Each structure stands twice: as C-alpha cells, then as structure tokens.
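By convention in this document, chain letters (A, B, ...) are assigned in the order of the sequence lines, proteins followed by strands, and residues within each chain are numbered from 1. What you are looking at is a predicted structure, and each value in this text was computed from that prediction instead of being measured.
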There are 2 protein chains.
Amino acid sequence: MADRAPSDSPSGTLARPRRSDATRAAILTAARDRFAADGYERATIRAIARDAGIDPSMVMRYYGNKEGLFVAATEIDLRMPDLTAVDRDGLGERLVRHFLDVWEHDERLTGMVRVAVTVEAGAERLRAVFRDQLAPVIAAVCPVPDEAPVRAALIGSQIIGMAMARYVVRIPPAAGLGHDEVVAWLAPTVQRYLMAERP
Amino acid sequence: MADRAPSDSPSGTLARPRRSDATRAAILTAARDRFAADGYERATIRAIARDAGIDPSMVMRYYGNKEGLFVAATEIDLRMPDLTAVDRDGLGERLVRHFLDVWEHDERLTGMVRVAVTVEAGAERLRAVFRDQLAPVIAAVCPVPDEAPVRAALIGSQIIGMAMARYVVRIPPAAGLGHDEVVAWLAPTVQRYLMAERP
DNA sequence: CTGGCATGTCAACAGGTGTTGGCCTACGAT
DNA sequence: ATCGTAGGCCAACACCTGTTGACATGCCAG
C-alpha cells in the first residue's frame, strides 16, 4: 500500500512530475525490449530490472505484478493516418506502406504479437487495437460502415500474417522482400478487402 | 544411456513394436494437446506426464529433453493436395478451403504457430513446413517455378494471418465468419499470389 | 531543523521448473 | 526356469520464478 493513486500516465495530464519518473520510464523501456524479444514468459522481472538498473521489487511497487507491467509497457499506438484525405484508389498502398513503416520503427508491435499468442491479456490487447484503432479508420472510408469490423479483420489478417512471416518467424522469402515489393503484392489485396463489394 | 538407438519412428519402417509404444504415443498425444493449448513455456513436462498417466522421468528417457519432446510431438503434415489436377482458376478456392479444413481438424497447427512465435526451434519448424510442403506444391502449378518460394510465402502469410485472427487471437469479426465467407474473401487473394505476374 | 514519506536495497519465501540417478518389477529371449 | 534388460516410479537436486516484508536513505514540506 504505497502509492496507488497516480498509476496512469508517467507524466500525465496535470500530475506534477514524481521523483521516480526516470526509474518508471527505465522500467517501461526495459520491459518493452524484453517482452518484444523474449515473449511474456521468458521476459523475467529480474532481467527487466537488471536492464533498468534497479531492484526487482521496484517493478512490483510501481506496477503491482507482472501482468500490470505488461499492460503498462505495451500500450500500442498504430498512428493510423486520416484516410479520408487519400485518393480512393490509393488506399491499399497507403495502408500497407504505413504498416510497414510503423512495424519497423516500433518493436512493440512484434512484442505484442508475440505475447498475444501466449497470454490472454496480450490477446485482448490485440483485439482492442483492432476494435479501437483499425476498425474506426476503416469505417470512415468504407462504403458500408457496418461492414467495417469484418473488413478491418480481413485487412488485419493480411498485415499480421505478413508481419509474422517477415519479423517474427522470419521466413526467408518474405523477410527478403523489399518494401516496394511487399507493397506491390499486398496493396491490391488490402484495397479489395476495403472496397470490393461483399462477395 | 538406456535405449538411444531407435529414437525415430514410433512404429517405424521395419522396427518391431516396442513394449513402450503405447506409453510413447500417450506422451506425444498429451504433449501435442498441451503445446497447442498453452504454448511452449507453460506446457510443463509434469503436466504432460500427468495427462499421459506416467512419470515425468519417462518423458526424459524417451525424448531426451523438453525440446526433443517438442520436436517429436509437432511433426506437421499439411496434407497438401495435388494441385496439378485442379482447374487453373479454382486453385485459390481449393487452397483456402483445404487450409480451413486442415486447420480445424489438427490442433497441432495452432500449437505450431503458438510455439513458432516463442522459441527458435518452433520457428524453424514453421520455416521447414513452408519450404518442404507448401513451396513444392506451389512450384508445381506456378507459371515461373523460380518464383514459387516468394509466392508460397505470400500465400502462407495470408493463411497464417487468418489463422491467427480466427484461431489464436480470436478476433471476433474474423472468428465469426463462416467457411464460405472466408473462402469468398481469401480465394481471390491466394489466386493472385499464385498466378498473377510479378508486379 | 526536523519529521514524514517516497525511493530504493537486501534477503528471503514458497512454489514450480527441467533434469538426474537409484531402485523395483515383470516381460521375453534363452 | 532363469536372467538380462526394458519399462516404470520415486525422491531428490539445483536452479529460477514472482512476490513480499523489513530495513536504510535522502529529498522536501512544515
């Protein structure tokens, strides 16, 4: 029972900075790296603490338990662009290029996939990203907004599948493709999932 | 140093049946279930042994160590059909329907994906399936056989992505689709990855 | 200056892990 | 009938896990 009140944003809206913010940030950074690299089980609290240069018990103090740390460390922001300003025929390409870009600049995504497969809290995270970040953007440009969840799921399935092939499992032919090749192959798929009338 | 010689096929080519074949089979069955349900780390040898109704040390005796057990328990057979006998325009549908069927009748596939994401031996397994089972069948019907690995990787990315969405992460809109709907959406994609000329 | 509290360390707990070696049992070839 | 050996169980090892509580320290408000 120490400081349970301000457990949300590290440097949040109006909360004045705490003396421990640097430590909290170090923990989160280390946790992100470990979760992404090793998955949930193998990313031990001790290893994370060691990376952050502090004692394991600090992790417990600030994040309650391992799952709390995981939740705090893996807030995902897909940084979805505004698609309503994009040429209708270029949506597929725009989306694929965006995902390639995001994926290679934020190792959290690979970590999220790794964890989503293993532990329920991770799966829920991934479902939430689909529901709250991907689907709404799709709905904004989708001919029939009601179909947005299904279309988002289809698009997501192709994106996650390619991410698995390239970044997680590293299947050679997929990992070896250049950005433009991936875009050339996947863009028409995404475009169809987005715009084609329901088959 | 007990019986290291016949460590291969449980009831192999010409090896006479061993008295322990039933036990070995029980271990493998239990291991498959646990690996598929829990992933590599959470599937403990003790739990597998309990399911199989034997002592944990038997697992070690017969399969050396946990990774050996994993390798033995997760031999994947995609049961790929002969595509050369299929109508050229129906290849996409044939493939998607086949994968849906295989996936829902063999929980090992979900297990393999779960493990491939976590431990290197699992990833290698998945790569081998792509290389040895998927790519050759693709090569047999692909206009330019040299492109088979890339095309197989593309097809596999969409298949694995949909499997992730439906069976692993269980994203509601994807998991709720009927077989025919999945086929209707994915078949054109696979058909294009298979047949369309390189973009 | 001083007391309170956040920050941080240390050491330990209780439980679970993969793995090992010793021992008993009973089958099957001789 | 006998004896080697494969099959099986038991108990333990050494280690690692998440988690906890007691104790030191130093900042900052009063």
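- Between Lys66(A) atom NZ and dG18(D) atom P there is a gap of 4 Å when expressed in whole angstrom units.
- Of all heavy-atom pairs spanning Ala153(A) and Pro173(B), the tightest one is CB-CB, 4.0 Å.
- Remark on DNA chain D: of its neighbouring residues Gly53(B) and Glu67(A), the 5'-side contact belongs to Gly53(B), judged by nearest-heavy-atom nucleotide.
- For Met60(B), taking side-chain heavy atoms from C-beta onward, the closest of the listed nucleotides dA6(C), dC9(D), dT19(C) is dT19(C).
- Rounded to a whole Å, the CG atom of Leu69(A) is 10 Å from the P atom of dG18(D).
- Protein atom OH of Tyr63(B) is 15 Å distant from nucleotide atom P of dT19(C), rounded to whole Å.
- OP1 or OP2 of dG8(D) lies within a sub-4.0 Å distance of a side-chain N or O belonging to Tyr62(B).
- Of the candidate nucleotides dT19(D), dG8(D), dT7(C), dG8(D) has the atom nearest to the side chain of Thr23(B).
- The pair Arg42(B)-Glu41(A) meets the salt-bridge criterion, since a charged nitrogen lies less than 4.0 angstrom from a carboxylate oxygen.
- Closest-nucleotide positions on DNA chain D for Asp55(A) and Thr44(A) were compared, and the one nearer the 5' end corresponds to Thr44(A).
- Looking at Ile160(B), Leu126(B), Thr74(B) one by one, the single match for side chain to side chain contact (heavy atoms under 4.5 Å, CB included) with Met112(B) turns out to be Leu126(B).
- The CE atom of Met58(A) sits 12 Å away from the P atom of dA6(C) (whole-angstrom rounding).
- If you take CZ of Arg19(A) and P of dG8(C), they are 7 Å apart, rounded to a whole angstrom.
- Looking at Arg32(B) and Glu75(B), no side-chain N of the basic residue comes within less than 4.0 Å of a carboxylate O on the acidic one, giving no salt bridge.
- Between Ser20(A) and the phosphate of dT7(C), there is a side-chain N or O to OP1/OP2 separation shorter than 4.0 Å.
- For the pair Ile54(A) CD1 and dA6(C) P, the interatomic distance rounds to 18 Å; values are reported in whole Å.
- To the nearest angstrom, P of dG8(C) lies 9 Å from CZ of Arg61(A).
- Of the candidates dG21(C), dT9(C), dT19(C), dT9(C) carries the atom nearest the Ser57(A) side chain, counting heavy atoms from C-beta on.
- Residue Asp21(B) contributes atom CG, which lies 14 Å from atom P of dA6(D) at whole-angstrom precision.
- Ring geometry, Trp103(B) versus Tyr167(B): the interplanar angle falls under 30°, so the pair is classed parallel (tilted spans 30 to 60°).
- Across dG8(C), dG18(D), dG18(C), the shortest atom-to-atom separation from the side chain of Arg46(A) is found for dG18(D).
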